[in-house]
A.B. asks: 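Below you will find the structure I want to go over with you.
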There are 2 protein chains.
Amino acid sequence: MILEQLKALGNDTRMQMMEWLKDPLNNFPPQDHDDPAIGVCVTHLQHKAGLSPSTASAHLAILQRAGFVLTTRIGKWTYYRRNEQLIADFATKLRIEL
Amino acid sequence: MILEQLKALGNDTRMQMMEWLKDPLNNFPPQDHDDPAIGVCVTHLQHKAGLSPSTASAHLAILQRAGFVLTTRIGKWTYYRRNEQLIADFATKLRIEL
DNA sequence: ATGATGTTACGCTTTTTTACGAAATGATCA
DNA sequence: TGATCATTTCGTAAAAAAGCGTAACATCAT
């Protein structure tokens with residue numbers, strides 16, 4: 001489990017996505033909503049990363065399986081946001097188990 | 001830098017090595033010295049992991065470049081041990097930067 | 001119904017990682 | 001000085017990861 005999480009983060013593209021999601025307002029174009037707590041839609045992440053839809057979706061699925069991001073569906077869009085709780089837990093777990 | 005460290009740990013074999021090095025006395029056969037603080041020679045790690053010498057050496061080099069292990073050369077042997085200081089720093093850095 | 005937004009699954013190519021054996025290197029000991 | 005043992009480097013092959021485009025599917029909006 002911890003290995004899966006380390007692999008999920010051990011990738012340039014996915015780490016960048018995690019970084020960008022720290023500050024949606026400054027890293028992405030305006031969206032239908034103004035609430036950074038809801039997250040960023042896939043299209044914005046895809047364009048910023050310069051990837052095809054399928055590749056972007058695959059990266060996000062890896063981050064999601066590892067627990068680092070959460071999704072909310074509103075209307076047609078799926079918004080991704082950081083799972084700060086699990087991120088903190090992961091850092092703590094590393095400190096203990098590593 | 002942090003990405004290099006995440007990649008170094010995101011591998012089954014290398015994580016096992018880190019784990020084994022926590023307790024040299026119980027995880028490896030007796031050596032020329034009795035001091036677990038000096039570490040474990042490559043041959044022991046190689047046999048325990050079931051790898052060829054060159055492959056084991058490559059894995060250890062990756063851990064060393066990431067800073068997670070330190071080496072001491074005594075006589076013909078190179079002993080590997082955990083770098084507890086950097087491991088703790090890494091966990092802290094993750095908590096802050098992730 | 002039609003169109004827009006993802007997600008997932010294919011098949012495929014490119015790149016990276018992992019692995020090996022053989023050869024080269026380094027250090028020690030006779 | 002050689003001989004020997006431990007380790008690293010090199011070349012290469014196999015496996016895994018990353019990437020693309022396309023197509024099929026689901027959901028929601030118009």
Side-chain angles (χ1 to χ4, degrees), chain A residues 3-21 24 28-33 35 38-81, chain B residues 1 3-18 20-21 24 28-33 38-66 68-81:
Chain A
L3 189 67
E4 181 195 359
Q5 293 178 313
L6 286 164
K7 286 186 183 181
L9 293 181
N11 173 277
D12 204 3
T13 298
R14 290 191 291 269
M15 276 294 273
Q16 282 193 342
M17 286 179 167
M18 291 299 293
E19 198 63 29
W20 293 334
L21 288 175
F28 299 96
Q31 305 184 118
D32 286 10
H33 63 79
D35 189 353
I38 292 178
V40 177
C41 80
V42 178
T43 311
H44 288 168
L45 284 156
Q46 178 218 321
H47 286 143
K48 180 124 181 167
L51 296 173
S52 70
S54 57
T55 302
S57 197
H59 280 303
L60 288 166
I62 289 171
L63 287 175
Q64 191 177 23
R65 273 196 296 276
F68 292 122
V69 294
L70 299 171
T71 64
T72 304
R73 174 121 197 187
I74 300 180
K76 308 191 260 196
W77 297 279
T78 304
Y79 296 98
Y80 280 81
R81 66 185 185 280
Chain B
M1 190 60 201
L3 188 67
E4 181 195 0
Q5 293 178 313
L6 286 165
K7 286 186 183 181
L9 294 181
N11 173 277
D12 203 4
T13 299
R14 291 191 291 270
M15 275 294 273
Q16 282 192 343
M17 287 178 167
M18 292 299 293
W20 293 335
L21 288 175
F28 299 97
Q31 304 184 118
D32 285 10
H33 63 77
I38 291 177
V40 177
C41 80
V42 178
T43 311
H44 288 168
L45 285 155
Q46 177 219 321
H47 286 143
K48 181 124 181 166
L51 297 172
S52 71
S54 56
T55 302
S57 195
H59 280 303
L60 288 166
I62 289 170
L63 287 175
Q64 191 178 22
R65 273 197 298 275
F68 292 122
V69 294
L70 298 170
T71 64
T72 305
R73 177 118 196 188
I74 300 180
K76 308 191 261 198
W77 297 279
T78 304
Y79 297 98
Y80 281 81
R81 67 184 184 282

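Lettering follows sequence order; numbering is per chain, from 1.
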A.B. asks: Assign A:Gly10 to base, sugar-phosphate, or nothing according to its heavy-atom contacts below 4.0 angstrom with the strands shown.
C.D. replies: nothing

A.B. asks: In whole Å, I'd like the distance from the CG atom of A:Leu9 to the C1' atom of D:dA18.
C.D. replies: 17 Å

A.B. asks: Which listed nucleotide (C:dT8, C:dT7, D:dG19) is nearest to the side chain of A:His59?
C.D. replies: D:dG19

A.B. asks: Rounded to whole angstrom units, what separation is found between the CD atom of A:Gln46 and the P atom of C:dA4?
C.D. replies: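 Computing the A:Gln46:CD to C:dA4:P distance gives 15 Å.
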
A.B. asks: Measuring from the side chain of A:Lys76 (C-beta onward, heavy atoms only), which nucleotide among C:dG3, D:dA6, D:dT8 has the closest atom?
C.D. replies: C:dG3

A.B. asks: Phosphate oxygens OP1/OP2 of D:dC20: is one of them under 4.0 Å from a side-chain N or O of A:Thr55?
C.D. replies: yes

A.B. asks: Need to verify one output field. Residue with the more 5' nearest nucleotide on DNA chain D, B:Leu60 or A:Ile74?
C.D. replies: B:Leu60

A.B. asks: Compare the minimum distances between each of D:dA6, C:dT7, C:dA19 and the side chain of B:Thr13, then state the nucleotide with the smallest one.
C.D. replies: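 Side chain of B:Thr13 sits closest to C:dA19.
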
A.B. asks: Ignoring the backbone of A:Ile62, work out which of C:dT8, D:dA18, C:dG6 is nearest its side chain.
C.D. replies: D:dA18

A.B. asks: Can you check the A:Leu51 CG to D:dT22 P distance for me, whole Å?
C.D. replies: 16 Å

A.B. asks: Measure the acute angle between the ring planes of A:His44 and A:Phe28, then classify it against the limits of 30° and 60° as parallel, tilted or perpendicular.
C.D. replies: parallel

A.B. asks: In whole Å, I'd like the distance from the CE atom of A:Met15 to the P atom of D:dA17.
C.D. replies: 19 Å

A.B. asks: Give a yes/no on whether any side-chain N or O of A:Tyr80 is located under 4.0 angstrom from OP1 or OP2 of C:dT7.
C.D. replies: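 True: A:Tyr80 side-chain N/O within range (under 4.0 Å) of C:dT7 OP1/OP2.
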
A.B. asks: For B:Leu63 and D:dT8, what is the distance between atoms CG and P respectively, to the nearest whole Å?
C.D. replies: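 So the two atoms are 13 Å apart, to the nearest Å.
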
A.B. asks: How many angstroms lie between OG1 in B:Thr13 and CG in B:Leu60, if you round to the nearest 0.5 Å?
C.D. replies: 10.5 Å

A.B. asks: Will you find, in the side chains of A:Ser52 and A:Thr55, an N or O donor that is under 3.5 Å from an N or O acceptor?
C.D. replies: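 Per modelled atom types, A:Ser52 and A:Thr55 side chains form a pair under 3.5 Å.
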
A.B. asks: Under the 3.5 Å rule, do the base of C:dG21 and the side chain of B:Ser54 count as making a donor-acceptor pair?
C.D. replies: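 Pair found.
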
A.B. asks: OP1 or OP2 of C:dG6 less than 4.0 angstrom from a side-chain nitrogen or oxygen of A:Ser57, does that happen here?
C.D. replies: no

A.B. asks: Would you say D:dA17 has OP1 or OP2 under 4.0 Å from some side-chain N or O of A:Asn11?
C.D. replies: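 No, no such contact exists.
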
A.B. asks: Between P on C:dT25 and CZ on B:Arg73, what's the gap in Å once rounded to a whole number?
C.D. replies: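 After rounding, the gap between these two atoms is 15 Å.
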
A.B. asks: Round to a whole Å and report the spacing from CG of A:Asp12 to P of D:dA17.
C.D. replies: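 Computing the A:Asp12:CG to D:dA17:P distance gives 17 Å.
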
A.B. asks: Do B:Gln46 side-chain atoms and B:Leu51 backbone N/O form a donor-acceptor pair below 3.5 Å?
C.D. replies: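 Present.
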
A.B. asks: Answer yes or no: is there a side-chain heavy-atom contact under 4.5 Å between B:Arg81 and B:Val69?
C.D. replies: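 Contact flag for B:Arg81/B:Val69 side chains = no.
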
A.B. asks: C:dT16 P sits how many Å from A:Lys7 NZ, rounded?
C.D. replies: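 About 18 Å, once rounded to whole Å.
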
A.B. asks: Which part of the nucleic acid, if any, lies within reach of B:Tyr79 when heavy atoms closer than 4.0 Å are counted: base, sugar-phosphate only, or nothing?
C.D. replies: nothing

